[in-house]
Amino acid sequence: VQLQASGGGVVQAGGSLRLSCAASGRTSNVFGMGWFRQVPGKEREFVAAITWSGSSTYYQDSMKGRFTISGDNAKNMVYLQLNSLEPEDTALYYCAATLGPLTRYSHRYYYWGQGTQVTVSS
């Protein structure tokens with residue numbers, strides 16, 4: 001499975017971005033998709049996850065309400081809508097695929113995209 005994340009950019013505090021993740025290859029093996037983020041010197045942080053069917057979602061508590069994950073499995077796409085962005089949201093955002101149940105643990109995700117940078121200015 002290959003993953004390609006896009007949609008990052010520079011936005012002012014309070015603004016919004018929509019990240020996209022395109023999946024290709026043997027997606028029939030994928031159970032769920034997740035978004036993570038990372039800043040230099042810190043561990044990768046779980047943001048949200050969704051089952052490939054779209055029937056279930058799972059969020060980092062602190063991001064619930066501002067961020068929304070969605071998917072379109074007919075197009076092999078997963079999205080992350082980022083609203084009310086804050087400078088603390090500045091990070092490299094990754095999409096990833098898991099073959100097992102939805103989880104917040106990055107080591108349970110087998111496939112990873114290359115990341116898309118989100119920069120929020122104050």
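- Clustering ILVMFWY residues whenever any of their side-chain heavy atoms sit less than 4.5 angstrom apart, transitively, puts Met33 in the very cluster that holds Leu99.
- The shortest side-chain heavy-atom distance between Leu3 and Trp112 does not fall under the 4.5 Å cut-off.
- At a threshold of 4.5 Å between non-hydrogen side-chain atoms, the residues Met77 and Ser20 count as touching.
- Both Tyr110 and Val47 belong to a common hydrophobic cluster when Ile, Leu, Val, Met, Phe, Trp and Tyr are linked at side-chain heavy-atom distances under 4.5 angstrom.
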Stepwise side-chain contact (heavy atoms from CB on, under 4.5 Å) test for Leu17 and Leu85: CA-CA 8 Å; Leu17 283 173; Leu85 282 163; 4.3 Å; yes
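- Interatomic distance, CD of Gln117 versus CZ of Arg37, reported as 11.5 Å (0.5 Å rounding).
- Looking at Asn76 and Trp52, their side chains come closer than 4.5 Å, going by heavy atoms from C-beta outward.
- Residues Gly71 and Ile50 approach most closely at N-CD1, 3.8 Å, considering heavy atoms.
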Test log, rule side-chain contact (heavy atoms from CB on, under 4.5 Å), inputs Leu102 and Ser56: CA-CA 9 Å; Leu102 294 188; Ser56 182; 4.2 Å; yes
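- Aromatic ring centres of Phe46 and Tyr59 lie farther apart than the 6.0 Å criterion allows.
- Arg44 forms a cation-pi arrangement with Tyr94, by the criterion of a distance under 6.0 Å to the ring centre and an angle within 45° of the ring axis.
- Remark: the backbone N or O of Ala5 is paired with a side-chain donor or acceptor of Gln114 at under 3.5 angstrom.
- At least one donor-acceptor pair closer than 3.5 Å links the side chain of Arg66 to the backbone N or O of Ser84.
- Once rounded to the nearest 0.5 Å, the distance linking OG of Ser6 with OH of Tyr93 reads 15.0 Å.
- Taking Arg104 as the reference, nothing meets the salt bridge (charged side-chain N to carboxylate O under 4.0 Å, His left out) condition, with sequence neighbours excluded.
- A heavy-atom distance below 4.5 Å is not found between the side chains of Tyr79 and Leu19.
- Using a distance-only test at 3.5 Å, with no hydrogens or angles considered, a donor-acceptor pair links the side chain of Thr116 to the main chain of Gly8.
- Connection of Leu82 to Val11 is established within a shared hydrophobic cluster, with ILVMFWY side chains joined at heavy-atom distances below 4.5 Å, either directly or through further cluster members.
- Between the side chain of Thr90 and the backbone N or O of Val120, at least one donor-acceptor pair lies under 3.5 Å.
- Thr27 and Val1 make their closest contact through N-CG2, 4.2 Å (heavy atoms, listed as atom of the first residue, atom of the second, distance).
- Atoms CD and OG, from Glu88 and Ser122 in turn, are 9.0 Å apart once rounded to the nearest 0.5 Å.
- Thr98 contributes atom OG1, which lies 8.0 Å from atom CZ of Arg108 (distance to the nearest 0.5 angstrom).
- Within the 4.5 Å cutoff, the side chain of Asn83 has no heavy atoms near those of the Phe67 side chain.
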Pair Phe36-Tyr109, side-chain contact (heavy atoms from CB on, under 4.5 Å): steps then yes or no: CA-CA 10 Å; Phe36 291 77; Tyr109 289 79; 3.4 Å; yes
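- Rounding to the nearest 0.5 Å gives a distance of 13.5 Å between OH of Tyr111 and SG of Cys95.
- Of all heavy-atom pairs spanning Leu80 and Ala48, the tightest one is CD1-CB, 4.4 Å.
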Worked verdict on Gln4 versus Cys21 for side-chain contact (heavy atoms from CB on, under 4.5 Å): CA-CA 5 Å; Gln4 180 78 33; Cys21 179; over 6 Å; no
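- Partners of Asp72 under the side-chain hydrogen bond (donor to acceptor under 3.5 Å, both in side chains) rule, at least two apart in sequence or in another chain, do not exist in this structure.
- A donor-acceptor distance shorter than 3.5 angstrom exists from the side chain of Gln38 to the backbone of Lys42, with no hydrogens or angles considered.
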